[in-house]
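Beneath this line is the structure, given in structure tokens, with notes to follow.
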Amino acid sequence: ETGVTQTPRHLVMGMTNKKSLKCEQHLGHNAMYWYKQSAKKPLELMFVYSLEERVENNSVPSRFSPECPNSSHLFLHLHTLQPEDSALYLCASSQDRQEFSYEQYFGPGTRLTVT
Amino acid sequence: GESVGLHLPTLSVQEGDNSIINCAYSNSASDYFIWYKQESGKGPQFIIDIRSNMDKRQGQRVTVLLNKTVKHLSLQIAATQPGDSAVYFCAETLNSGYSTLTFGKGTMLLVSP
């Protein structure tokens, strides 16, 4: 609906597994974002890619590894996660220009449960 | 559906009432503000935005008011409908270029028929 798709929508993984979340935007945007949404916290920005270059990494543990192969795709590689990493992971994109910020368009999220 | 918050402030209104959702933002240097709506099972959806050089902006059934003196943002929804039931977030940013939004905790709006 928003032009940003995420797969899978739901993921259950053990602490020793390796999995990847995928995000794709069909809006021609040049910036992409990963957020974590937990039940008791505001949306937390994890990573920002602008023009395929990582420009923000908000003190995210190394067990989360982002990848942005091109301006339309964003991945979040997961390994040796902890139960507290269970959350809704949201991807967003925006068309950012030099002088002004613009709204971000969000995907539906991946509900991750770490067992 | 997805649970987006267990201890959110909640506003309960009747269908047809006007709703006002408030937000206190943190950074006096923020120059751009957005309201998002998040329905169960979906990601946040853009509703309306406002830049710091304005104090009011109107959309379809929604109005955003900005008071920079007290760092306060509000969202007014006219003639609230059951489909407006959702969690509403305000977000602020001071960056130009790519935008690093800082989100508030959210308010749950419940509209009863």
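Below, chains carry the letters A, B, ... as their sequence lines are ordered, and counting in each starts from 1.
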Using atom types as modelled and distance alone, determine if a side-chain donor or acceptor of B:Tyr32 lies under 3.5 Å from a backbone N or O of A:Glu103.
yes
Which bit of A:Leu43 comes within less than 4.5 Å of chain B, counting heavy atoms only: side chain, backbone, both or neither?
both
Identify, with sequence neighbours excluded, every residue that meets side-chain hydrogen bond (donor to acceptor under 3.5 Å, both in side chains) alongside A:Ser86.
none
Flag if over 12 foreign heavy atoms under 6.0 Å of CD, A:Glu53:
no
State, to 0.1 Å, how close A:Arg9 and B:Gly41 come at their nearest heavy-atom pair, and which atoms those are.
NH2-O, 3.0 Å
Shortest non-hydrogen contact between B:Gly104 and A:Pro42, atoms and distance:
O-CB, 3.6 Å
Taking salt bridge (Lys or Arg N to Asp or Glu O under 4.0 Å) as the definition, give me every residue that meets it alongside A:Arg54, ordered by chain and number, with sequence neighbours left out.
none
Point-to-point distance, once rounded to the nearest 0.5 Å, from OH of A:Tyr33 to CG of B:Leu101
7.0 Å
Surrounding NZ of B:Lys68 (heavy atoms of other residues, nucleotides or ligands, distance under 6.0 Å), is the total greater than 12?
yes
Give a yes or no on this: more than 12 heavy atoms of other residues, nucleotides or ligands lie within 6.0 Å of atom CD of A:Glu84.
yes
What distance separates A:Gln37 CD from B:Gln38 CD, expressed to the nearest 0.5 Å?
4.0 Å
Taking the six-membered ring for Trp, are the ring centroids of A:Phe106 and B:Phe46 within less than 6.0 Å of each other?
no
Is it the case that the side chain of B:Tyr36 and the backbone of A:Gln104 share a donor-acceptor pair, with hydrogens and angles ignored and the cut-off at 3.5 Å?
yes
Taking everything shown except A:Met15 itself, do over 12 heavy atoms lie less than 6.0 Å from its CE?
no
